Amino acid sequence: MASKYHGPINRTRRPISILIVIGLCCFCYLIGIWQKSGSGKGDKLALQVTEQTADCNVFPQTTLDFESHHNYVETVETSELTTKRFKSCEAKYTDYTPCHEQDRAMKFPREDMIYRERHCPPDDEKLRCLILAPKGYTTPFPWPKSRDYAYYANVPYKHLTVEKAVQNWVQFQGNVFKFPGGGTMFPRGADAYIDELASVVPIGSGMIRTALDTGCGVASWGAYLLKRNILAMSFAPKDNHEAQVQFALERGVPAVIGVLGSISLPYPSRSFDMSHCSRCLIPWASKEGMYMMEVDRVLRPGGYWILSGPPLNWKTYHRVWNRTKENCRAEQRRIEEYAELLCWEKKYEKGDVAIWRKNINGKSCRRTSANICQTKDADNVWYKKMDACITPYPDVKNSDEVAGGELKKFPARLFAVPPRIANEMVPGVTVESYQEDNKLWKKHVTSYKRSISLLGTTRYHNIMDMNAGLGGFAAALDSPKLWVMNVVPTIAENTLGVVYERGLIGIYHDWCEGFSTYPRTYDLLHANRLFTLYQDKCEFEDILLEMDRVLRPEGAVILRDGVEVLNKVRKIAAGLRWDTKLLDHEDGPLVPEKIFVAVKQYVVEGDEEQSTPNVD
């Protein structure tokens, strides 16, 4: 019966089925080729840059590899979302720093370095255009070569090569700058200087992981600490020492524009294992010891403060400094008195260097009188006025206990439970949720590496996490080939103390304002739920323009957020000359959270003819 009625029909369907299968195979093959093509023009430009840089061969032919296990998400078009093409800024803005511009700064008092602090433009004065790289811009050298060399075209300022010529800060050779590793107080080189410090400070033991360099110059101290697995947060003002922080970041060293002035440093209490001043010109003995007290706030119990330069060794140098013996002696005496008031014990003084260690708790402090800070939250510091008061130690039960909790040696501390979490100091975060967060970010980073094949290599050395949370992204990515600036938005839950307790570095920031850095200073920007966080706070356009400013040509962006939010972001990004793709969550298309990946096109001043970005 079956063959009588269905046989001819089956014979007719067989060739049709074969044709359909062949057609589907061809279609899938073509789709596969398209998916493997990466981000198109952006990667070809990266290859051209690499080929022109003989010893900087870090870009493969395809920087982004969007593999077939990711599904692309269709952009939702609405009448409200039309692509706006942003114009290029004038060439004079190539090194524009919105919150540290000289013209605006000069309107503020010079007292307490107020004019060198952050002064951001109001909304109607924001620069809403694309800041292009200078003509001749070249992809920076890969780490670790970038520590010693930078292209002149990228940071075209020779002032320091003349002013600091005898101090081995930086030299100009052909079309590059060379950084010999010297400094004002370590003309024999940073390595020899750090070796001297290591005779007192346990550098290399894992006990010292985070450091603060106040008035860092071109950050050679921080640069040479990186190879010893120590992350230094370096800062210096934007002043007559042209582009010192820009040089630092171009070299691949963590740094921000900043100053010890009238407002608190943008770091939580008990952050750093070590703080350093090498002829940083900070008046430590003035303002009733206020600047030393601010260092004490951010210095971890048991941490070290290193001072090299004036007024130390004044008997030898007072004439060179055009100062009297009495003046120098009085300044050093005041520093010693403030250190004692802070419960710092002097461990070393030889020549130009002195080292103090902060007590591990307040039990052994013998203060006759001291102005103790009354604030209940020593981490609430964004735009807060600095006071000449001492931040109290957390309570301890006995004299051997480390105030605030003892940290494990690095790298064990990276995934150990931070004391702030163990002591239930972060609302809503438990030991269990912290451990789950770590597992989740390991999974996310593994997925990212399938889309951006060079993530985790020196190709992406300067990385920023714009909404760092507990630091899970940076911890999962941790490698001597890179570092991550963990930014905790001022409107988010304050978790930056946890980030530091893990042996990572970061900073507070409000993304409605410009970040304290120069243009083209980061290789990759990552943000989790950042745009949802700022949805009703400021314009997405302003945040994305700021991202474009700090991102290097051919730099990458990874965003995680809801699909509706990312569709809005994607529309704006199309006008930024970014090549973009929107991917499904690792767990499949039914998860409402999506992943936005982009590459900034390689555009320099004078490139007027630009093709339309790839928006797939």
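In this text the structure is predicted, and so the values were computed from the model without any measurement. All heavy atoms count here, side chains included; hydrogens, waters and symmetry mates do not.
The pair Asp148-Lys178 fails the salt-bridge criterion, with no side-chain N (NZ, NE, NH1 or NH2) lying under 4.0 Å from an Asp/Glu carboxylate O. For Arg300 and Asp273, the salt-bridge test passes: some basic side-chain N is under 4.0 Å from an acidic carboxylate O. Under 4.0 Å is where a charged nitrogen must lie from a carboxylate oxygen, and between Asp523 and Lys481 no such pair does. Taking 4.0 Å as the cut-off between side-chain N and carboxylate O, Glu337 and Arg334 do not count as a salt-bridged pair. For Arg329 and Glu331, the salt-bridge test fails: no basic side-chain N is under 4.0 Å from an acidic carboxylate O. Contact check on Arg228 versus Asp195 returns a salt bridge, with a Lys/Arg side-chain nitrogen under 4.0 Å from an Asp/Glu carboxylate oxygen. Salt bridge status for Glu340 with Arg366: absent, with no side-chain N to carboxylate O gap under 4.0 Å. Ion pair Asp379/Arg420 flagged as a salt bridge, since at least one NZ, NE, NH1 or NH2 atom sits closer than 4.0 Å to an Asp/Glu carboxylate oxygen. Of the charged side-chain nitrogens involved, none lies within less than 4.0 Å of a carboxylate oxygen, so that Glu345 and Lys358 do not count as a salt-bridged pair. Salt bridge present: Asp123 and Arg128 bring a charged side-chain N and a carboxylate O closer than 4.0 Å.
For the atom pair CH2 of Trp483 and CE of Met485, the computed distance is 4.5 Å after rounding to the nearest 0.5 Å. Here the CD1-OG distance, from Ile257 to Ser234, works out to 13.5 Å after rounding to the nearest 0.5 Å.
If you check the side chains of Thr324 and Asn327, you find no donor sitting under 3.5 Å from an acceptor. In this structure, a donor-acceptor pair under 3.5 Å is present between the side chains of Tyr508 and Asn494. Side-chain atoms of Ser205 and Lys409 include no donor-acceptor pair closer than 3.5 Å. Ser308 and Asp352 share no donor-acceptor pair across their side chains, judged by distance under 3.5 Å alone. No side-chain donor from either of Glu401 and Asn361 sits under 3.5 Å from a side-chain acceptor of the other. With hydrogens and angles left out, the side-chain atoms of Glu117 and Ser262 include a donor and acceptor closer than 3.5 Å.
Side-chain contact between Lys385 and Asp387 is present, with heavy atoms from C-beta onward closer than 4.5 Å. You'll find the side chain of Asn371 stays beyond 4.5 Å of the side chain of Ile390, heavy atoms only. At a threshold of 4.5 Å between non-hydrogen side-chain atoms, the residues Lys227 and Pro480 do not count as touching.
His276 meets the ring pair (Phe, Tyr, Trp, His ring centres under 6.0 Å) test with Tyr193, Trp221; sequence neighbours excluded. Listed by chain and residue number, nothing satisfies the salt bridge (Lys or Arg N to Asp or Glu O under 4.0 Å) test with Arg333 (two or more places apart in sequence, or in another chain). Partners of Arg251 according to the salt bridge (Lys or Arg N to Asp or Glu O under 4.0 Å) rule, which considers only residues two or more places apart in sequence or in another chain, do not exist here. Residues that satisfy the salt bridge (Lys or Arg N to Asp or Glu O under 4.0 Å) test with Glu349, not counting sequence neighbours, are Lys346. For Thr490, there are no side chain to side chain donor-acceptor pair (under 3.5 Å) partners, not counting sequence neighbours. Checked against ring pair (Phe, Tyr, Trp, His ring centres under 6.0 Å), Tyr348 has no partners two or more places apart in sequence or in another chain. Remark: Tyr383 engages no residue in a ring pair (Phe, Tyr, Trp, His ring centres under 6.0 Å) (not counting sequence neighbours). Under the side chain to side chain donor-acceptor pair (under 3.5 Å) criterion, Asp548 pairs with Trp578, sequence neighbours left out. For Cys89, the disulfide (SG to SG under 2.5 Å) partners at least two apart in sequence or on another chain are Cys129. Among residues two or more places apart in sequence or in another chain, the side chain to side chain donor-acceptor pair (under 3.5 Å) test is passed with Asn154 by Glu250. With sequence neighbours left out, Tyr93 forms a ring pair (Phe, Tyr, Trp, His ring centres under 6.0 Å) with Tyr96.
Outside the 6.0 Å centre-distance limit, the rings of Phe179 and Tyr149 are not counted as a close aromatic pair. Between Tyr157 and Phe247, the gap from one ring centroid to the other reaches at least 6.0 Å.
For Asn462 (side chain) and Leu249 (main-chain N/O), a donor-acceptor pair under 3.5 Å exists by modelled atom type. Distance alone, capped at 3.5 Å, places no donor-acceptor pair between the Ser269 side chain and the Thr391 backbone.
Cation-pi contact between Lys363 and Tyr393: absent, since separation from the ring centre below 6.0 Å together with deviation from the ring axis within 45° is not met.
When each of Val245, Thr521, Ile507 is paired with Val256, the side-chain contact (heavy atoms from CB on, under 4.5 Å) condition holds for Ile507 and for no other.
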For this session: Determine, stepwise, if the pair Met386 / Lys287 fulfils side chain to side chain contact (heavy atoms under 4.5 Å, CB included).
Result: CA-CA 11 Å; Met386 196 188 307; Lys287 311 293 291 184; over 6 Å; no

For this session: Test side chain to side chain contact (heavy atoms under 4.5 Å, CB included) on Asp542 and Trp511 and set out the steps.
Result: CA-CA 9 Å; Asp542 291 338; Trp511 285 111; over 6 Å; no

For this session: Mind running side chain to side chain contact (heavy atoms under 4.5 Å, CB included) on Leu212 and Val298 for me, showing each step along the way?
Result: CA-CA 9 Å; Leu212 180 67; Val298 300; 4.0 Å; yes

For this session: Please test His509 against Arg118 for side chain to side chain contact (heavy atoms under 4.5 Å, CB included), starting from the C-alpha separation and ending with a verdict.
Result: CA-CA 11 Å; His509 182 64; Arg118 288 175 56 84; 3.7 Å; yes

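Residue Asn380 places its CG atom among more than 12 non-hydrogen atoms of other residues, nucleotides or ligands, all under 6.0 Å distant. Counting heavy atoms of neighbouring residues, nucleotides and ligands inside a 6.0 Å radius, atom CD of Glu513 exceeds 12 of them. Counting non-hydrogen atoms of other residues, nucleotides and ligands closer than 6.0 Å to NZ of Lys350 gives a total of 12 or fewer. A 6.0 Å sphere centred on CD of Glu125 holds more than 12 heavy atoms belonging to other residues, nucleotides or ligands. At most 12 non-hydrogen atoms from other residues, nucleotides or ligands lie less than 6.0 angstrom from CE of Met207.
Closest heavy-atom contact between Ile505 and Ala232: CD1-O, 4.5 Å. Of all heavy-atom pairs spanning Arg104 and Pro122, the tightest one is NH1-CD, 3.8 Å. Residues Gly471 and Asn486 come closest through the heavy atom pair CA-OD1, 4.2 Å. When all heavy atoms are compared, the tightest approach of Pro418 to Glu501 is CB-OE1, 3.3 Å. Between Ile131 and Thr94, the shortest heavy-atom distance links the atoms CG2-O, 3.5 Å. When all heavy atoms of Ser88 and Leu132 are compared, the pair lying nearest together is OG-CD1, 3.5 Å.
Screening residues 286-311 for ring pair (Phe, Tyr, Trp, His ring centres under 6.0 Å), with sequence neighbours left out, gives Trp284-Trp305, Trp305-Trp344, Trp305-Trp356.
Ring-plane geometry between Tyr151 and Phe141 is classed as parallel, the angle between the planes falling under 30 degrees on a 0 to 90 degree scale with a further cut at 60.
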